[in-house]
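Beneath this line is the structure, given in C-alpha cells, with notes to follow.
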Protein chains: 2
Amino acid sequence: MNRRGPTLEDVAREAGVSRATVSRVVNGVRNVDPALQDVVRQAVERTGYTPNGAARSLVTRRAETVALLISGAGDGFAARVFADPFFGRIVSGAVAYLRGRAMHPVLMLAESESARRQVVDYLRRGSADGALVVSIQADDPLPRMLCDARIPLVLFARSPHGPEVSSVDVDHYAGGRLAAGHLLARGCRHPATICAPQDLPAGRDRLSGFCGALEHAGRIRPAVAEGGFTVESGAAAMVRLLAGHPEVDGVFAANDLMAQGACEVLRDRRLRVPHDVAVVGFDDSSVAVTCRPPLTTVRQPVEEMAAAMAELLAGQLQGAVAGPTHLVFEPELVVRESA
Amino acid sequence: MNRRGPTLEDVAREAGVSRATVSRVVNGVRNVDPALQDVVRQAVERTGYTPNGAARSLVTRRAETVALLISGAGDGFAARVFADPFFGRIVSGAVAYLRGRAMHPVLMLAESESARRQVVDYLRRGSADGALVVSIQADDPLPRMLCDARIPLVLFARSPHGPEVSSVDVDHYAGGRLAAGHLLARGCRHPATICAPQDLPAGRDRLSGFCGALEHAGRIRPAVAEGGFTVESGAAAMVRLLAGHPEVDGVFAANDLMAQGACEVLRDRRLRVPHDVAVVGFDDSSVAVTCRPPLTTVRQPVEEMAAAMAELLAGQLQGAVAGPTHLVFEPELVVRESA
DNA sequence: TTGAAAGCGCTAACAG
DNA sequence: CTGTTAGCGCTTTCAA
C-alpha cells in the first residue's frame, strides 16, 4: 500500500512558490497575497493534495482527534452498548460538538484488560489528543491508567475513588427524588424500585434519592430489587418484586431498559400499567418512547452533558490550566403514560 | 498541551546504545543481543517511553489503525445505530479480529454530508489505514468517495451501483426462503411480511426470497407492508397488515426489531404468538432472545462476516493485489418460540 | 509578504 | 550484531 500522494513540495512546484507559502494557504494563515492564495489553491486542486497527518502531527503535536471511550467489561460488551440508546445520546452529543470544532471524534471500546491497554497506547502515542470516558463498571481502572499516562480526559460521571479529573454528571439523588415524588403524587401506596448495581455511585444515589423522598413523606422503605441495566434484568427484578410484594403499585426503575422489562412482566401478569402498577424509568432514552406504554421517566440531558464534556476537554487541550471541573446537570421528569 | 515525553534518543542515552538499537528492541526486530535487549527494555521502563505515533507513521506510512464506518443519514442517526444490537455484533466481530492483529479499531459515524467529508479527510491524511464500511442507506455516496480517494476499503453488503470493491454479505434471498419454508412447514396458510425498505438490495432480496419460496409452494403472494428496521415501524406495519388482512397467521419481518414491534401489536390485539400468528425475524440479534416470546429468526453470522471483512482489508493493506472479493455467507434458521 | 532552513521523532538502509 | 546516516512531509522561526 504505497499510495503516497502529492506533497507540499509538489504543490509548491506546481504553484511556483515555496513550501512555506503553500502551508500557510492550506492552514489559512493570514499574510498571504490574495492573488497567490488563488494560485496555490488551484495548484492544490489540480494535484489533489491532502496534508499528511503524521507529518503535521509530528510538528504540531496534535492529532485533531478526540477519543470517546466506552469502558466496561464482560462478554457481549459491545452487544450491551449497542442495545442501550443511552449511549447513542452520548455519542450524538459529543460528536455534534466535536465536528463543529473540526475535531475528529473516534469511538473506541475498552471491553477488556488488553483492550484498555491498546486504547491507552493509542492515546499515548498521540493518535488522539484526549479522551472522553464513559465507564459502566465500578472501579474501572481506565481513568487512572489514562491519568497516569498524562492523557487529558474528562469523565462522564464523577469517579469517587478514581483520579481527580474533570467530569460531567447528573444529580442522581435529585432524579430518584423526582421519581418518588411523582409516584407519591399519583397516590401510589406501595412503592418499589428496581435499582441499579449498588457498587456504582450513580446506582446508590438514585436509590437513596428515591428512598429519601419516600421517607420524607412518611413512607416506609420501598421494596428493592437490583438489576443490571438490561431489559432482562429488569424483568427478572420485577418478577422478584412481585413474588415478595404482590401489593406493589408503583415501581421506579433506575433506567428505561429495566423499566421496559418491568412493563413486560406486568403485562404478562395482566397487571395494567399505570392503572395497577405505575412505572417510572430513568434516562429518557428512545426506548422510553418505544415502550408500551410510553414511559414516564427521569430525563438526563445526555446530549448537553456530552457536549459539555467535549467542551471541557477542548478547554484542557487549549491549555486552560484550571483544576478539575465538575459539572452537575439537573434531571427532569418527563411524564408519559406509564405513571 | 506540551506533554512531550521521552524520545528514542533519551532511551538510547539511558541505555548507552544507539537509537537504532532501541528502535529494534521496541519493534521486536531480531538480531539484537539478548543482553542488550534487557538493558534497553529496562531503560524503556525507567524512562516511561512510548513511541510517537506520528513520527513512526511518517516513515512507515501506516497508522496501524482501521476505521469502522457506519454510514447513513437523518436525525437521530446515532440513536438508531445504538438501538439495534445488530451493529453491536458487527463491531464485536471486527474489533475482535483487529485487536488480535494489533490494529486499533476506531468507530466513526458518517451521519451527514459534512461528516462524510470529515471522515474521508481523516482517512486521506492517513490517520487510519483503511475502512470497513457499513452503510444503511440506499445510494450512499461514501463508498465512492473513499474509492476516489484511493482509500482501501471493504463493504458490509455488496453495493450494486457503487464502486467495485471487496464486500461481505449474507445470502438474503436464501434467508427469505428459510423464513417462508419454516412458516409453511408449521402450517401457516396466510403468510405476510414486513419487508425492509425496497430501495435497499438486501430488502428486495429478502422479500423476493420469501415470495419465491411461497410461490414455489403454490401459495399466492403474501400480504406486504414495508418497515424501516425499527421497532415502531414494525409495529406500524403490523397494524396495517392486520387492517388489510385479518386472516394473517404468519409474518416474516425483515429484521428482529420489526419482528418485536409486530409481536407487541399482536399482543395488544390479544393474538397469541405463535398460536394465532407465527412471527419470524431476521438477524438473530440480541433482541431475538429478549423479545417476548423469543424470536424464531434467520441468523446472519454477523461476527464472522465482520471478521472476514477485517481480514479482507488486512490482506489489501499488506499489498495483496487481488481484485475485489465478494464473500457471501449462508443464513441459518434459529427456532425459538415465536414460530 | 515570502523563502530558506531547521528540525519534529522515528525507521531503514548501509556500513562496519 | 550495532551504529551512522538519510530522510518521511510538514510547520515555523528567522531573514530578506
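First the proteins, then the strands, lettered A, B, ... as listed; each starts at 1. Only this structure's heavy atoms are used, side chains among them; waters, hydrogens and symmetry mates stay out.
- In this structure, the CZ atom of R56(B) is 8 Å from the P atom of dC10(C), given to the nearest Å.
- Residue T7(A) has its side chain nearest to dG9(D) when only dT11(C), dT11(D), dG9(D) are considered.
- For the pair R24(A) and L8(A), nearest-nucleotide mapping onto DNA chain D gives the more 5' position to L8(A).
- For the pair E64(A) CD and dC10(D) P, the interatomic distance rounds to 15 Å; values are reported in whole Å.
- For D139(A), the CG atom is loosely surrounded, since the number of other residues' heavy atoms within 6.0 Å does not exceed 12.
- Proximity note for A20(B) (side chain, C-beta onward) versus dT11(C), dT4(D), dG3(C): the nearest is dT4(D).
- The side chain of N31(A) lies closest to dT1(C) when the candidates are dG9(D), dT12(D), dT1(C).
- Mapping A55(B) and V17(B) onto DNA chain D by nearest heavy atom places V17(B) closer to the 5' end of the strand.
- The two residues R80(B) and A73(B) come nearest to each other via the heavy atoms NH2-O, 3.0 Å.
- In this structure, R19(B) atom CZ and dG7(C) atom P are separated by 13 Å, rounded to whole Å.
- In terms of heavy atoms, A115(A) sits closest to R99(B) at CB-NE, 3.3 Å.
- Remark: C1' of dG9(C) and CZ of R62(B) are 19 Å apart, rounded to the nearest angstrom.
- One interatomic measurement links the two molecules: CG of N27(A) to C1' of dG9(D), which rounds to 13 Å at whole-angstrom precision.
- In this structure, the nucleotide among dC8(C), dG3(C), dT12(D) sitting nearest to the side chain of T21(A) is dG3(C).
- When the P atom of dC8(C) is taken as reference, atom CG of L58(B) falls 13 Å away, rounded to whole Å.
- The nucleotide whose nearest atom lies closest to any side-chain atom of V59(B) is, among dC8(D), dC10(D), dA4(C), dC8(D).
- When atom types are taken as modelled, the side chain of D10(B) and the backbone of T7(B) share a donor-acceptor pair closer than 3.5 angstrom.
- Across dA4(C), dC8(C), dC10(C), the shortest atom-to-atom separation from the side chain of P51(B) is found for dC10(C).
- One interatomic measurement links the two molecules: CD of E9(A) to C1' of dA4(C), which rounds to 12 Å at whole-angstrom precision.
- E45(B) CD: 12 or fewer foreign heavy atoms inside a 6.0 Å radius.
- Contact annotation: S23(A) side-chain N/O to dT11(D) OP1/OP2 distance is under 4.0 Å.
- Taking atom CZ of residue R125(A) and atom C1' of nucleotide dG9(C), one finds them 14 Å apart after rounding to whole Å.
- Among the protein residues, D33(A) comes within range of the sugar-phosphate backbone only, with heavy atoms under 4.0 Å from sugar or phosphate atoms but none that close to a base.
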